[in-house]
Amino acid sequence: MVYRIGADIGGTSVKLGVVDEAFHIVESMRIPTGEICTADGIIGGIVEACRELMVRYEIASVGIGSAGLVNPKTGYVLRAGNLPFLNEPLGVRVAKGLQVPVFLDNDANCALIGEHAAGACAGYEDALILTIGTGIGGAVMIGGRVYRGHNYKAAEFGHFIINMKGEACSCGLRGCFEQYGSASALIAMTKKCVRAFPGSLLARMAQNGIDGSTAFEAAKGGCAAAEEMLKDYGKVLGVGINSLVKIFQPQVVALSGGVAVQGEYLLNLIRPNLIDDSVVCTTKLGGGGGLIGAALLGTPYGE
Ligand SMILES: [Zn+2]
């Protein structure tokens with residue numbers, strides 16, 4: 001049996017595990033990251049965990065998915081949001097500590113590779129993943145290969161424009177999709193709805209705090225104001241997905257991230273707004289997709 005190690009570096013932890021030839025995670029662990037951690041600490045933690053696993057498994061390669069702008073050819077993370085990486089030779093440094101090939105890619109690309117091998121995008125060659133969290137990210141596969149762009153900046157699906165006269169975005173543009181479709185935007189919509197309907201179930205539930213699931217819980221509990229608000233949110237996501245479908249004509253669009261845990265309820269909000277022949281679903285591997293995809297880097301599945 002050939003085993004590979006995959007590591008998925010996120011804002012709060014590194015999910016690291018051993019993946020077998022059937023794309024199953026046979027063992028996994030978490031290493032904390034975030035603002036308190038240094039690049040040295042994260043890299044040291046990954047190397048240490050790999051060494052420990054290599055005692056027990058015959059490991060063919062190590063793959064790492066990182067948030068941010070990643071150059072898979074050089075093994076550098078150029079920048080990565082709240083992670084402490086700036087022109088960091090992450091892949092190079094991990095490879096130095098281990099005796100196996102080490103591969104690096106963007107975390108959304110890894111999630112798509114994982115879903116294509118063993119999840120919601122299996123059996124499709126043209127597929128797209130849309131990650132709806134604090135912002136919106138994603139990745140695109142064309143003819144079975146991830147499309148990265150000449151500078152590895154492709155598939156910034158949070159930053160195409162759906163409102164020319166919209167709010168200024170941190171990327172320098174105005175009216176980007178993520179300002180209307182992200183979990184942060186959903187939370188802002190929820191707060192506005194609470195102010196407009198102070199007697200609603202949503203307003204009562206909001207007294208315990210508001211997050212990306214509050215409106216869904218209120219709507220499921222029969223709150224008409226929350227239901228109407230979520231219909232509007234579904235329209236926004238429909239606008240974004242329709243634009244992506246017009247450009248890429250993927251066989252499937254898989255949604256991931258914090259909002260996608262709403263599953264069928266979310267899909268039913270979006271579907272009435274979609275143009276024909278769009279297939280939208282949620283990811284199947286959940287949080288494990290990025291780890292599995294990272295482990296497949298350097299194999300034909302990871303191209
Ligand atoms: Zn933007």
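Note that ligands are numbered from 1 as they come in the structure, with each ligand's atoms numbered from 1 the same way.
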Visitor: Going by an N to O cut-off under 4.0 Å, is there a salt bridge joining K220 and E217?
Guide: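 The answer is no: the pair does not qualify as a salt bridge.
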
Visitor: In this structure, are over 12 heavy atoms from other groups packed under 6.0 Å from R271 atom CZ?
Guide: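 For R271, atom CZ is crowded (more than 12 foreign heavy atoms under 6.0 Å).
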
Visitor: In terms of side-chain heavy atoms, does T131 have a donor or acceptor partner in S256 at a distance below 3.5 Å?
Guide: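 Per modelled atom types, T131 and S256 side chains form a pair under 3.5 Å.
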
Visitor: Which residue, V261, L130, T283, forms the side-chain contact (heavy atoms from CB on, under 4.5 Å) with L255?
Guide: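 Answer after filtering V261, L130, T283: L130.
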
Visitor: Measure the shortest side-chain to side-chain distance between V18 and R56 over non-hydrogen atoms and say whether it is less than 4.5 angstrom.
Guide: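 SC-SC contact between V18 and R56 ruled out.
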
Visitor: Leaving out waters, which are not shown anyway, how many protein N, O or S atoms lie closer than 2.8 Å to the Zn ion (ligand 1)?
Guide: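 Number of qualifying protein atoms: 4.
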
Visitor: Given the side-chain rings of F248 and Y147, with only the six-membered ring counted for Trp, is the space between their centroids under 6.0 Å?
Guide: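 No: the rings miss the under 6.0 Å criterion.
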
